[in-house]
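These values consider heavy atoms only, across backbone and side chains, with no hydrogens, waters or symmetry-generated copies. The chains referred to below are lettered A, B, ... by the order of the sequence lines, with proteins before strands, and numbering in each begins at 1.
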Amino acid sequence: MFHLLEQRIQETFQKHIATRYALDVPIVIEQPKQPDFGELALPVAFHLAKQLKQAPRKIAAELVADIGAIDGIAALEVAGNGYINVRFDRARYGQALLDPPPEMKTPSSEKIIVEHTNINPNKAAHIGHLRNATLGDTFVRMLRGLGKSVEVQNYIDNTGVQVADVVVGFQHIRPMPLEQVEVVAEQPRFDYYCWDLYADVSAHYEKDPTALQLRRDALHSIERGVGGTSRLAEIISNAIVKAHLNTMLRLGVKYDVLPRESEILRLHFWDAAFALLQERGAVVHETQGKNDGCWVMRAAAFSEGSEDDKVIVRSNGTVTYVGKDIAYQLWKFGLLGKDFFYRKLDYNKYEVWVTTNRPPDPKSQIPSFGRATRVYNVIDVRQSYLQDVVVAGLRALGFNQQADQSVHFSYEMVALSPRCAAELGIEVPGEDRNRPVEVSGRKGFGVKADDLIDKLISKALDEVASRHAEASAEEQRSIATQIAIGALRYFLLKFTRSSVIAFDFQEALSFEGETGPYVQYAAVRARNISRKLEQKGERVPDFRAELNAAAFGHQLQSEDFWQLLLAASKADRALERAVTAGEPAHVAKYAFQVAQAFNNFYHLYPIIHEQNREKKVFLLWMTDFFRSQLERTLDVLGIEVPAYM
RNA sequence: GCGCCCGUAGCUCAGUUGGAUAGAGCGUCUGGCUACGAACCAGAAGGUCGGGUGUUCGAGUCACCCCGGGCGCACCA
């Protein structure tokens, strides 16, 4: 509702200024510095001042006098040096929230792909991966919240060096026959086993660099896709992928389809992309210099300062990662002229599809994947350069529109706070002692995702058990899990994307202040009100029957009630702005603010015990409105509301 | 060397596309549970927004230059 009025003001002013002054200036809408200034503030007179060569205050007065009545607006006031402050018609506003006008859903042919998680399937997921998945998943929920059609992809690099390293581990560091690996891979915590093995292999390379030949050999076999080594890689990566799906499902994160690198290779996606790139001159064959024999993309295509061309095809004829990524990006937009085959993944928790190189049974129903109009790649900021190359590839092929619609949804890394590193027994040399430590799968440095979740659940369980000793152990655990996940998701979302998170157990395990559980608690309290009411033998009133514009007019004369309602009613605006900014943290911030407003309201006004009928009904309606806004916002954040706390 | 990001209260971070008197959480101190459960609420202390110059009616926000930190710039992914 708030957003609707905002838009209405914007349009009205835009139109008026266009006809009255023949000018097209951006109508910026702000929140007034102080609540008693009104609900919206327009600095538009300042912008016009320059072009009209008049004092802003005079222009503002003119605008206010000429623009006429605007539906839902009680007053426009000139303030300060030329601000225009907008006051809403409170009674109308309350009434509209109670009985919202039907939304005009404009059907859109837009299809958005969000690619996230993308963990190498060779070891357990860690805290850094959780940031990626939580950001990606929340952004998906935000887009869907606005009614967009979104497909979630999780790319599986099952034929890369990281998998090859663990293969080397099973062949040379802790040798194990294939049949035994198959058994071990079915065991719980196989991903933990590989975590250690991977670190051991990396350490082994460091000690004996000649062992890197083992990696090259393994990689080669895996890429060819035949023989025992390839089979070993498949067993490992399939098992780890399921471990990752399980871990992410604990956070409520799901995917629609898992495109795999093996199919990019087997179905010759690269050949198709390479043919296109050659045909349109996007890559050139070097015959001299340091890149002799390679196919490269010219530096000028993707970078202004650098002179280093990017090798796409190595002199030995193999394609680099970026090359494969260009092919994949082309496929996402339906520009490659090829598609994967798909099968349902053998996974019993929910339906998720995976690519395959075998044509399916013609009778089977398979959804359509890819062919997006817009693509978000959730990848950490360190890969900006490579993402730029991918987009330059599209551009060089003449796909400018798709290049514009390719978004690198980047985020900073998660590091371990010095204290956290010390707790994990990671030794840091002298002067770096006070700096955060980078998470490294290769070195085995990091907080494993499942360990962290377990730790959070255990702490939440202590709290739940101390408050609700009467509940069954099973129920306590279920509530504790919801709280733990709420805490974790909120913790990962409250930082803006460009902020490095220095991970610290003490902060992540906090359930007080600006945290997920704080917001959950507010929602639980709001729900409790109607339950208590019914326990007293009363019924939740029929708000539409008992509240009319006059009642809203009365009650919302209270500045306090008005400000609380206003705060609660900004969910649509918060979501809209957060999507535009590409910033899930904004939604998290809003959720906290609404929770704060509600806790304040809850504390200040006895609701059930209110004697005046109209006021009581109004307070109950406010509670219900807060509840719905809190639930909706938490849902976008992927945080559940526990039955009690 | 080139490029990107960051520097705001003791700590961790917001800051709405340049706007009115710079905000929040944590921590510290003070106060509030026989009201709908205190995972809560109220209050206090705490700032030359890294430094400088400029653009502007107006700069935490934009430009340039420094200082300090992080990350990229592979025939690795």
Side-chain angles (χ1 to χ4, degrees), chain A residues 26 28-34 37 41 43 46-47 49-50 55-56 79-83 85 120 157 160-162 215 261 290-296 299 303-308 310-322 324-325 380-386 388 410 412-413 415 417 435-436 438 460 463-464 467-468 483 487 494-496 498-502 504 506-507 510-515 517-518 520-522 524-526 528-533 535-536 573-574 577 580-581 585-586 588-589 592-593 596 599-600 602-609 623 644-645:
Chain A
V28 176
I29 296 189
E30 295 169 9
Q31 297 297 290
K33 204 70 192 169
Q34 288 178 39
F37 287 169
F46 295 109
H47 302 142
K50 222 171 263 170
N81 287 326
Y83 272 97
N85 290 334
N120 275 301
D157 184 4
V161 284
Q162 292 215 13
R215 169 200 273 177
E261 183 163 85
K290 63 172 182 172
N291 293 332
D292 187 12
C294 300
W295 286 86
V296 305
S303 157
E304 288 189 12
S306 166
E307 286 155 25
D308 290 333
K310 180 70 196 168
V311 172
I312 305 295
V313 179
R314 304 182 187 104
S315 53
N316 67 4
T318 58
V319 58
T320 60
Y321 162 78
V322 197
K324 282 178 272 193
D325 223 23
D380 79 78
V381 71
R382 288 175 294 188
Q383 302 209 37
S384 296
Y385 164 72
L386 294 168
D388 287 347
S410 71
E412 266 292 354
M413 59 177 185
S417 74
R435 299 207 190 112
E438 187 182 351
E463 300 284 338
V464 174
R467 284 158 222 245
H468 303 279
I483 293 168
K494 70 195 264 193
F495 302 93
T496 51
S498 60
S499 172
V500 176
I501 298 181
D504 189 275
Q506 197 170 310
E507 283 177 44
S510 167
F511 297 154
E512 288 164 22
E514 195 186 341
T515 66
Y518 176 93
Q520 289 174 311
Y521 188 53
V524 166
R525 285 174 133 186
N528 276 347
I529 295 284
S530 59
R531 210 174 54 201
K532 286 282 164 183
L533 191 74
Q535 274 172 17
K536 272 185 64 181
R573 167 181 172 275
R577 293 178 91 103
T580 305
H586 292 347
K589 185 68 84 181
F592 176 66
Q593 282 165 355
Q596 239 179 352
N599 277 332
N600 182 280
Y602 179 91
H603 183 258
L604 228 48
Y605 303 98
I607 299 163
I608 291 174
H609 306 282
T623 304
Y644 55 81
M645 281 178 79

Using 4.0 Å as the upper bound for N to carboxylate O, is an ion pair formed by E507(A) and K494(A)? no
When you get a sec, tell me which of G70(B), A77(B), A20(B) is the closest nucleotide to the side chain of P32(A)? A20(B)
Considering only C75(B), A24(B), A77(B), which nucleotide approaches the side chain of E261(A) most closely? A77(B)
Indicate, with a heavy-atom threshold strictly under 4.0 Å, whether F46(A) touches base, sugar-phosphate, or nothing. base
Step by step, work out the side-chain contact (heavy atoms from CB on, under 4.5 Å) result for Y644(A) and R467(A). CA-CA 10 Å; Y644(A) 55 81; R467(A) 284 158 222 245; over 6 Å; no
Is there a donor and acceptor pair closer than 3.5 Å between the side chain of N85(A) and the base of A20(B)? yes
Could you please name the option among U17(B), C41(B), C13(B) that lies closest to any side-chain atom of T496(A)? C13(B)
Between G51(B) and A44(B), how far apart are the two P atoms, rounded to whole Å? 27 Å
Work out how far the C1' atom of G7(B) is from that of U61(B), and round it to whole angstrom. 14 Å
How is R215(A) classified with respect to the nucleic acid when contacts are heavy atoms under 4.0 Å: base, sugar-phosphate, or nothing? nothing
Could you check whether A49(A) gets within reach of a base, just the sugar-phosphate, or nothing at all, counting any heavy atom under 4.0 Å? nothing
When you measure from the side chain of R382(A), which nucleotide among A39(B), A77(B), G72(B) comes out closest? G72(B)
Using a cut-off of 4.0 Å on non-hydrogen atoms, how would the nucleic acid contact of I483(A) be classed: base, sugar-phosphate, or nothing? base
Is any side-chain N of the basic residue among K310(A) and D388(A) closer than 4.0 Å to the acidic one's carboxylate O? no
Phosphate contact (G23(B) OP1 or OP2) by Q593(A) side-chain N/O below 4.0 Å: no
Which of the following nucleotides, C75(B), G37(B), A74(B), is nearest to the side chain of H468(A)? G37(B)
When all nucleic acid strands are considered with a 4.0 Å heavy-atom cut-off, which category describes I29(A): base, sugar-phosphate, or nothing? nothing
Selection from A77(B), C41(B), A74(B) that lies nearest to any side-chain heavy atom of K310(A): A74(B)
Minimum-distance nucleotide to N599(A) side chain [options: G15(B), C41(B), G37(B)]: C41(B)
Between the side-chain atoms of S498(A) and the base atoms of C5(B), is any donor-acceptor pair under 3.5 Å? no
Counting side-chain heavy atoms from CB outward, which of A77(B), A14(B), G25(B) is closest to K589(A)? A14(B)
Rounded distance in Å between the C1' positions of G47(B) and C11(B): 15 Å
As a test of reading the structure: which of A77(B), A39(B), G72(B) is closest to the side chain of Y385(A), going by heavy atoms? G72(B)
Taking only N and O in the side chain of N120(A), is any of them less than 4.0 Å away from OP1 or OP2 of A77(B)? no
How far does the P atom of C75(B) sit from the matching atom of U8(B), given to the nearest Å? 37 Å
Please determine if a side-chain N or O atom of Y518(A) lies less than 4.0 Å away from the OP1 or OP2 oxygen of C41(B). yes
Is the phosphate of A77(B), meaning OP1 or OP2, less than 4.0 Å from a side-chain N or O of Y321(A)? no
Could you go over nucleotides 32-36 of chain B and give all protein N or O partners under 3.5 Å, atom names and distances?
unit_1	atom_1	unit_2	atom_2	d
C36(B)	OP1	H609(A)	NE2	2.9
C36(B)	O2'	Y602(A)	OH	2.0
C36(B)	N3	I607(A)	N	3.0
C36(B)	N4	Y602(A)	O	3.2
C36(B)	N4	Y605(A)	O	2.3
C36(B)	N4	P606(A)	N	2.8
C36(B)	N4	I607(A)	N	3.4

Closest to the Y521(A) side chain: C40(B), C13(B), U21(B)? C40(B)
